[in-house]
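Have a look at the structure below before the remarks.
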There are 2 protein chains.
Amino acid sequence: MKLNKTILKSPGSRMTSQRALVFDIISRGGGHLGADEIYARARRKNPRISLSTVYRAIGKFKELGLVAESHLGQEHHHYEAVHNGNHFHLVCIGCGAVIEFEYPLVKRVQDEVARAGGFKVVSAEMNLSGYCRQCGG
Amino acid sequence: MKLNKTILKSPGSRMTSQRALVFDIISRGGGHLGADEIYARARRKNPRISLSTVYRAIGKFKELGLVAESHLGQEHHHYEAVHNGNHFHLVCIGCGAVIEFEYPLVKRVQDEVARAGGFKVVSAEMNLSGYCRQCGG
DNA sequence: GTCCTTGCAAATGCTTTGCACGCTG
DNA sequence: CAGCGTGCAAAGCATTTGCAAGGAC
């Protein structure tokens, strides 16, 4: 498991059942889980886990680069496992659905803007909001 | 003033000195002000204005499409006056500077993704984080 | 055995809301 | 002069933190 290897490599960090659980939930999460939802799912497997543990686990994963945080809408944050650096979001205003997409052009924007501004890009986030097919665009 | 016209056109909304002040601050703000900073600046002109009034004014402006909200980093929201739909942000991890940029390619991404997914885009937000020239890329 | 991690509860900080008064249109 | 907007204070909610007990290595 990637988590295990990464945690073990990182000095001063330990693998625990809670972290494995939280990471598993985020990985399977199919995308864009809020902390509250991660917590709710975690409690189904381990009713004694606490919300602070969830937050601290997420914090550790972000620090290790395993999980990315996105800021969809004004509500709370969402988290997802990092697979590659180029995943972005369509958020439906009608039904709240979050659709993930990849697009190579995005990387080009990122590169060219970076070059023009002397700016070294570490991460990119792009959110388009609007209406999905069901909600009639 | 655009604010005045828009407010007056909108039924059930009134123009007040506080709203004019808040809108002026956001417009001149040179970009990316948090609610707290808008509040601080507003108090210099009108020490009796309250933070809730600032939030309510911003809420009204968002509703009228005069102001856009962006979600930079995990901290609080930032606001800026809407001039066109294609302004995006570089956020420096080192010094916290926010650099605004426009890029036509972005619109293309937006259009093509929208077409491919049957998704009608209403607004787009893109944040690149990394290091600016000063903070050494 | 060390010291990182957990659970609980309390604290924090941004944002929102209830209510009585004030001011716009 | 009706009804929206304001100011104040208190509430709400996601997230963070302190501390003692538990568990990984």
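Residue numbering restarts at 1 for every chain, and letters A, B, ... go by the order of the sequence lines.
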Exercise. Are the side chain of R19(A) and the backbone N or O of R14(A) linked by a donor-acceptor pair below 3.5 Å?
Worked result: yes
Exercise. When you measure from the side chain of E125(A) to the backbone N and O of H71(A), does any donor-acceptor pair fall under 3.5 Å?
Worked result: yes
In this structure, how many angstroms lie between the [atom2] atom of [N] and the [atom1] atom of [X], rounded?
X: R43(B); N: dT6(D); atom1: CZ; atom2: P; value: 16 Å
X: L64(A); N: dC4(C); atom1: CG; atom2: C1'; value: 14 Å
X: Y39(B); N: dT6(D); atom1: OH; atom2: P; value: 14 Å
X: I38(A); N: dA14(D); atom1: CD1; atom2: P; value: 14 Å

For this session: Of all the heavy-atom pairs spanning V91(B) and F119(A), show the shortest one and how long it is.
Result: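 Reported closest heavy-atom pair: O-CZ, 3.4 Å.
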Exercise. Taking only N and O in the side chain of Q18(A), is any of them less than 4.0 Å away from OP1 or OP2 of dG23(D)?
Worked result: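 So the side chain of Q18(A) is outside the cut-off, no N or O lying under 4.0 Å from OP1 or OP2 of dG23(D).
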For this session: Any chance you could list the contact pattern along nucleotides 16-24 of chain C? Use B for base contacts, S for sugar-phosphate-only contacts and - for none, protein heavy atoms under 4.0 Å, 5' to 3'.
Result: BBB-----B
Exercise. Base, sugar-phosphate alone, or nothing: which one does A57(B) contact when heavy atoms must sit under 4.0 Å apart?
Worked result: nothing
[X] side-chain proximity, nearest of [options]:
X: R19(A); options: dG7(D), dG7(C), dT6(C); value: dT6(C)
X: K60(A); options: dT5(C), dT15(D), dC8(C); value: dT5(C)
X: H77(A); options: dG7(C), dT15(C), dT15(D); value: dT15(D)

Exercise. Can you list the steps and then say if T53(B) with V22(B) is a side chain to side chain contact (heavy atoms under 4.5 Å, CB included)?
Worked result: CA-CA 9 Å; T53(B) 297; V22(B) 170; 5.7 Å; no
Exercise. With a 3.5 Å cut-off and no angle check, do the side chains of H32(A) and E100(A) form a donor-acceptor pair?
Worked result: yes
For this session: Kindly indicate, with the supporting measurements, whether the criterion side chain to side chain contact (heavy atoms under 4.5 Å, CB included) is fulfilled by H89(B) and E80(B).
Result: CA-CA 12 Å; H89(B) 305 110; E80(B) 63 192 318; 3.0 Å; yes
Problem set entry | Pairwise distance CZ(R56(A)) to CG(L51(A)) - rounded to 0.5 angstrom | 10.0 Å
Problem set entry | Distance (rounded to the nearest 0.5 Å) between N127(B) CG and N127(A) CG | 8.0 Å
Exercise. Between S50(A) and G34(B), which is nearer to the 5' end of DNA chain C once each is assigned its nearest nucleotide?
Worked result: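 Nearest nucleotide further toward 5': that of S50(A).
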Problem set entry | Stepwise side chain to side chain contact (heavy atoms under 4.5 Å, CB included) check, D24(B) with K45(B) | CA-CA 11 Å; D24(B) 186 57; K45(B) 285 260 186 173; 5.8 Å; no
For this session: Work out how much the helix from dG1(C)-dC25(D) to dG25(C)-dC1(D) bends between its end axes, five pairs an end, to the nearest 10 degrees.
Result: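 The two end axes of the helix from dG1(C)-dC25(D) to dG25(C)-dC1(D) meet at 40°.
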